[in-house]
Amino acid sequence: MINKSYELAKEIYAAQGIDTDAMIAKLKNIPVSLHCWQGDDVIGFDHDGPLNGGIQTTGNYPGKATTPEQLMADMDKVISLCPGAKKINVHACYAIFENGEFVDRDKLEPKHFKKWVEFAKERGCGLDFNPTFFSHPMQKDGLTLSSPDENVRKFWIEHGKACIRISEYFAKETGMPCVMNIWTGDGFKDIPADRMGPRMRYKESIEEILSEPYDFNLVKPCVESKVFGIGVESYTAGSAEFALSIVAANSDKCIPLMDNGHYHPTEVVSDKIPALLCFFPEIALHITRGVRWDSDHVVLFDDETKEMAKEIVRCDALDRAYMALDYFDASINRISAWTTGFRSWQKALLQAMCTPNAALKALQDEGNFTKLMVMQEEAKMLPFGAVWAKYCEECGVAGDASWYDEIEKYEAEVLSKR
């Protein structure tokens, strides 16, 4: 039935100038980064909690991973249920210490992530990395890189430099560039008396981190903005204007990263993607779903998810945009949350690739906006489901909801016994 449906859909798409075989083949090789922190509610292995620093995970669904072995086994289950190429996205707090060793975040070394490298290489995946500027005693009064305390800043600067060295290790080991994302929740709960001072300190701290030697072809440092956080509702040092400006001023050594939950509710990253691509050779994305605020809900196949994918495809930027998932939901089965989000973004990419974008652009350039509206609506009715089913079949995973049977089995046999 999959092949019969696909052959009919293939003919319909061909009439629109779309080669679905080619699109399926192309998508198989476009990596999307799977974030490790969905599996344990962003806790990691270098502390016992609580999670703080402007973020929060809600829910207490049973079966949370508490060891590296459990987390990697859970990620393996997700990988087995999702089509397409993957990278693994790791936070610095997921360092794996052995034989009783422990070092603080400013002293982390590549050896503390050796098991992550082995995990990724065995599965043919690349690795991305994130310094962890939260959930730590050296986060003083809610501040890290922007703190007025020089000792606090120095600690976190050294952490950032260590993470650059680890990122280069990742890239050399896997043979794929490592995106290293700098994000802090630095800010204030109420109205500050000085807005510029923290930002100047933040700027100087980031520039000091970026002074660490690295090969920009291998390591892709990013600076990510945020409009607000829990406990820092009135001011964040790393605002959108700040983050974009510091990247623009250092464009030979870092790239912009946009998280679509880190803007005002009426802003959409889908519109920002083509704007940044006009100026930056490469961009990075953290793909999430904000509900009224940066709530990091599971990514769905919804309108903004589709629009973000459309803009990447329309701008011919599949090789210019580093795509990573970023959400954490502890109110539902974590493996299902991971899988749903990854599959949703894959659906969005494939549908965008199977949209007659060139024909629609021609109508816009001709000024034929009436027909453009009609054809955009008609494109929504193309038989995408059959193409998705074929893509999943070729990737060796279920194209329908039968993958959830594996989730229920895994929960009964593994998660319920933790």
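What you are looking at is a predicted structure, and each value in this text was computed from that prediction instead of being measured. For this chain, numbers begin at 1 and follow the sequence in order.
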**OP:** Would you check if the distance from the ring center of His91 to the ring center of Phe134 is below 6.0 Å?
**Re:** yes
**OP:** May I ask you to decide if Ala25's main-chain N or O and Glu394's side chain share a donor-acceptor pair within less than 3.5 Å?
**Re:** no
**OP:** Compute whether any side-chain donor of one residue and acceptor of the other, for His297 and Ser295, lie under 3.5 angstrom apart.
**Re:** yes
Subject >> Short N-O contact, Asp74 and Arg418, less than 4.0 angstrom >> reply: yes
Subject >> Within 6.0 Å of CG in Asp303, more than 12 heavy atoms from elsewhere >> reply: no
Original post:
Do other residues, nucleotides or ligands put more than 12 heavy atoms under 6.0 Å from the NZ atom of Lys172?
Top reply: no
Original post:
Would you say the side-chain atoms of Tyr391 and Gln346 include a donor-acceptor pair closer than 3.5 Å?
Top reply: yes
Original post:
Is the number of heavy atoms from other residues, nucleotides or ligands within 6.0 Å of NZ (Lys28) greater than 12?
Top reply: yes
Original post:
Should Phe301 and Gln351 count as side-chain neighbours, where that means a heavy-atom distance under 4.5 Å?
Top reply: yes
Original post:
Does a salt bridge link Asp259 with Lys226, judged by any charged N lying under 4.0 Å from a carboxylate O?
Top reply: no
Original post:
For Glu282 and Tyr322, does a side-chain donor sit closer than 3.5 Å to a side-chain acceptor?
Top reply: yes
Original post:
Does CZ in Phe216 sit with more than 12 non-hydrogen atoms of other residues, nucleotides or ligands closer than 6.0 Å?
Top reply: yes
Subject >> Near-ring test His35/Tyr327, centroid separation under 6.0 angstrom >> reply: yes
Subject >> Heavy atoms from other residues, nucleotides or ligands near CG of Asp252 exceed 12 (cutoff 6.0 Å) >> reply: yes
**OP:** Examine distances only and state if a side-chain atom of Thr132 and a backbone atom of Ala92 form a donor-acceptor pair shorter than 3.5 Å.
**Re:** yes
**OP:** Inspect the contact between Glu267 and Lys272 and indicate whether a charged nitrogen and a carboxylate oxygen are less than 4.0 angstrom apart.
**Re:** yes
Original post:
Quick one: NE2 on His159 to CZ on Phe155, what's the gap to the nearest 0.5 Å?
Top reply: 7.5 Å
Original post:
What heavy-atom pair brings Ala284 and Cys222 nearest, and what distance separates the two atoms?
Top reply: CB-SG, 3.8 Å
Subject >> Flag, side chain of His136 to backbone of Met138, donor-acceptor distance under 3.5 Å >> reply: yes
Subject >> Asn89 versus Asn130, side-chain donor and acceptor atoms under 3.5 Å >> reply: yes
Original post:
Within 45° of the ring axis of Tyr169 and under 6.0 Å from its six-membered ring centre, is that where the NZ or CZ of Arg165 lies?
Top reply: no
Original post:
Taking Trp388 for the side chain and Gly399 for the main chain, is one N or O donor matched with an acceptor at less than 3.5 Å?
Top reply: yes
Original post:
Do Thr288 and Asp296 have a side chain donor and acceptor closer than 3.5 Å?
Top reply: yes
Original post:
Below 6.0 angstrom between ring centroids: does that apply to Phe129 and Phe113?
Top reply: yes
Subject >> Point-to-point distance, once rounded to the nearest 0.5 Å, from CD of Gln70 to CG of Leu415 >> reply: 9.0 Å
**OP:** State, without any angle test, whether Ser146 and Asp186 hold a side-chain donor-acceptor pair at a distance under 3.5 Å.
**Re:** yes
Original post:
Should the ring pair His286 and Trp37 be called parallel, tilted or perpendicular, given that the plane angle runs from 0 to 90° and is split at 30 and 60?
Top reply: tilted
Original post:
Distance from Cys163 atom SG to Arg105 atom CZ, nearest 0.5 Å?
Top reply: 9.5 Å
**OP:** Give a yes or no answer on whether the side chain of Ser167 reaches the backbone of Cys178 with a donor-acceptor pair at less than 3.5 Å.
**Re:** no
Original post:
So, Tyr202 and Glu207: side-chain donor and acceptor under 3.5 Å apart, yes or no?
Top reply: no
**OP:** For Asp329 and Tyr61, test the side chains for any donor-to-acceptor distance below 3.5 angstrom and give the result as yes or no.
**Re:** no
Subject >> Thr305 side chain to Asp302 side chain, donor-acceptor N/O pair below 3.5 angstrom >> reply: yes
Subject >> Asp141, CG atom: more than 12 neighbouring heavy atoms under 6.0 Å >> reply: no
Original post:
Do the rings of Trp183 and His262 sit parallel, tilted or perpendicular, given the 30° and 60° boundaries?
Top reply: tilted
